[in-house]
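Whatever order the structure lists them in is the order used to number ligands and atoms, beginning at 1. As a basis for the values below, the full set of heavy atoms in this structure was taken, side chains included, without hydrogen atoms, waters or symmetry mates.
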Amino acid sequence: MRQRHHRTHLTHLSRVRVFLDAASSKTILYRGHEAAQQEPRLLGTVENELGLRPWLESQGHEFIVSDSKEGPDSDLQKHIVDADIVITTPFHPGYITRDLIAKAKNLKVCVTAGVGSDHVDLNAAVERQIQVLEVTGSNVTSVAEHVVMSILLLVRNFVPAHEMIERGDWMVSDVARNAFDLEGKVVGTIGAGRIGYRVLQRLLPFGTKEHLYYDYAPLPADAEKAVNARRVEDLKEMVAQCDVVTVNCPLHEGSRNLINADLLKHFKKGAWLVNTARGAICDKDAVAAALKSGQLRGYAGDVWNVQPAPRDHVWRTMKNPLGGGNGMVPHYSGTTLDAQARYAQGTRDILENYFTGKPQLPANIIVGVGKFETKAYGQR
Ligand code: NAI
């Protein structure tokens with residue numbers, strides 16, 4: 001057995017119960033602990049450690065797991081200094097900044113247990129020849145299902161209707177006046193990669209009128225045809241035609257703040273917007289203002305510009321003029337128990353390839369040694 005002593009620092013962790021009681025960090029720790037104790041398939045937690053500890057330790061590797069990622073005294077700051085490998089998840093992102101990369105003298109690989117590596121400074125990783133690998137595809141179906149659900153719950157005005165029932169009220173007209181059918185609507189996706197394409201596939205049986213997409217990588221003609229999709233090269237022109245817009249592109253220099261006050265003016269009045277990609281692709285305040293004014297009829301998603309979102313984050317409570325239109329949840333669309341099994345196994349496969357010198361699956365390589373291997377993080 002090989003005895004190369006890599007230091008593997010895992011910082012991540014979907015605190016799945018955060019949204020139930022996000023008071024103090026102690027409570028968060030307790031809740032995570034309890035859920036993780038009761039449900040061992042919560043592999044993406046501090047407690048269950050992606051199921052990697054016995055395997056890594058049997059090979060002599062040091063394995064440090066923590067959820068402490070913020071501030072100068074955090075475990076991430078402390079342990080990155082001599083780690084060979086850092087594993088993070090997007091659900092509780094440990095930001096691997098340029099400064100941190102400069103301190104990480106031994107760092108060779110950043111692994112994302114999941115999909116989306118925007119929390120790593122990819123340009124700095126290229127310069128320092130640090131590989132950035134992720135478990136591509138591991139949760140794309142999970143997210144696509146969540147997108148379809150979110151579109152439906154906004155279009156059908158589900159949340160206010162359910163809240164009315166919980167309150168003990170029964171005023172059909174109050175909720176029916178803002179409920180529509182998805183059938184016959186135009187849906188556009190920003191990004192038509194693995195998730196965006198799966199969303200369009202899943203929408204077809206609803207009898208949507210047309211699917212549009214905005215992506216610098218055009219789909220092959222037969223793939224477009226299969227999902228009734230038409231590419232629109234200008235984003236303003238695309239959103240102007242859509243009843244529903246869904247965001248499915250990675251966060252990078254070219255997509256940060258892409259949906260801002262100016263672009264929102266070009267949306268159809270009363271359109272619905274779903275973003276499960278990354279919170280920072282949307283301007284937080286511009287979205288809240290558009291919902292409040294009725295320019296947007298609804299906004300839903302699970303990703304936030306800061307995670308965990310502060311208690312007073314405007315997206316928690318923003319509403320349209322009729323008091324609905326908010327479908328926000330914590331970041332969990334890509335961390336179903338099914339997805340956790342896949343990204344935990346995928347992380348292990350990546351590590352095994354690395355330790356044994358086998359090539360990584362090309363699709364998993366975001367940054368190879370000294371260069372971008374993916375085209376998804378902007379046209380470079
Ligand atoms: P992918 O790489 O298969 O597809 C991304 C597509 O976006 C590519 O076709 C690319 O050309 C396009 N794109 C990049 N920049 C663009 C821009 N500025 N405008 C329009 N299109 C652009 O990625 P996949 O698997 O579909 O994932 C997309 C993103 O979804 C991830 O990067 C991640 O941020 C997010 N995600 C969120 C999850 C969650 O739990 N909420 C879980 C998994 C992914």
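- The backbone N or O of Glu237 sits nowhere less than 3.5 Å from a side-chain atom of Tyr214 that would complete a donor-acceptor pair.
- When atom types are taken as modelled, the side chain of Gln295 and the backbone of Leu264 share a donor-acceptor pair closer than 3.5 angstrom.
- In this structure, Asn364 contributes its side chain and Thr136 its backbone to a donor-acceptor pair below 3.5 Å.
- In this structure, the ring of Trp304 has its center no less than 6.0 angstrom from the ring center of His331.
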Could you tell me, for ligand 1, which of its N or O atoms are under 3.5 Å from any protein N or O, listing the pairs and their distances rounded to 0.1 Å?
{"residue": "ligand 1", "atom": "3 (O)", "partner": "Arg194", "partner atom": "N", "Å": "2.9"}
{"residue": "ligand 1", "atom": "3 (O)", "partner": "Arg194", "partner atom": "NH1", "Å": "2.8"}
{"residue": "ligand 1", "atom": "9 (O)", "partner": "Asp215", "partner atom": "OD2", "Å": "2.7"}
{"residue": "ligand 1", "atom": "11 (O)", "partner": "Asp215", "partner atom": "OD1", "Å": "2.7"}
{"residue": "ligand 1", "atom": "15 (N)", "partner": "His252", "partner atom": "NE2", "Å": "2.8"}
{"residue": "ligand 1", "atom": "26 (O)", "partner": "Arg194", "partner atom": "N", "Å": "3.3"}
{"residue": "ligand 1", "atom": "26 (O)", "partner": "Ile195", "partner atom": "N", "Å": "2.8"}
{"residue": "ligand 1", "atom": "34 (O)", "partner": "Ala277", "partner atom": "O", "Å": "3.4"}
{"residue": "ligand 1", "atom": "40 (O)", "partner": "His331", "partner atom": "NE2", "Å": "3.1"}
{"residue": "ligand 1", "atom": "40 (O)", "partner": "Ser333", "partner atom": "OG", "Å": "3.3"}
{"residue": "ligand 1", "atom": "40 (O)", "partner": "Gly334", "partner atom": "N", "Å": "3.0"}
{"residue": "ligand 1", "atom": "41 (N)", "partner": "Thr276", "partner atom": "O", "Å": "2.9"}
{"residue": "ligand 1", "atom": "41 (N)", "partner": "Asp302", "partner atom": "OD1", "Å": "3.2"}
{"residue": "ligand 1", "atom": "41 (N)", "partner": "Asp302", "partner atom": "OD2", "Å": "3.1"}
{"residue": "ligand 1", "atom": "41 (N)", "partner": "His331", "partner atom": "NE2", "Å": "3.3"}
{"residue": "ligand 1", "atom": "41 (N)", "partner": "Ser333", "partner atom": "OG", "Å": "3.1"}

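- Lys108 contributes no side-chain N or O that, together with a main-chain N or O of Gln131, makes up a donor-acceptor pair within less than 3.5 Å.
- With hydrogens and angles ignored, the 3.5 Å screen pairs a side-chain donor or acceptor of Gln340 with a backbone N or O of Leu43.
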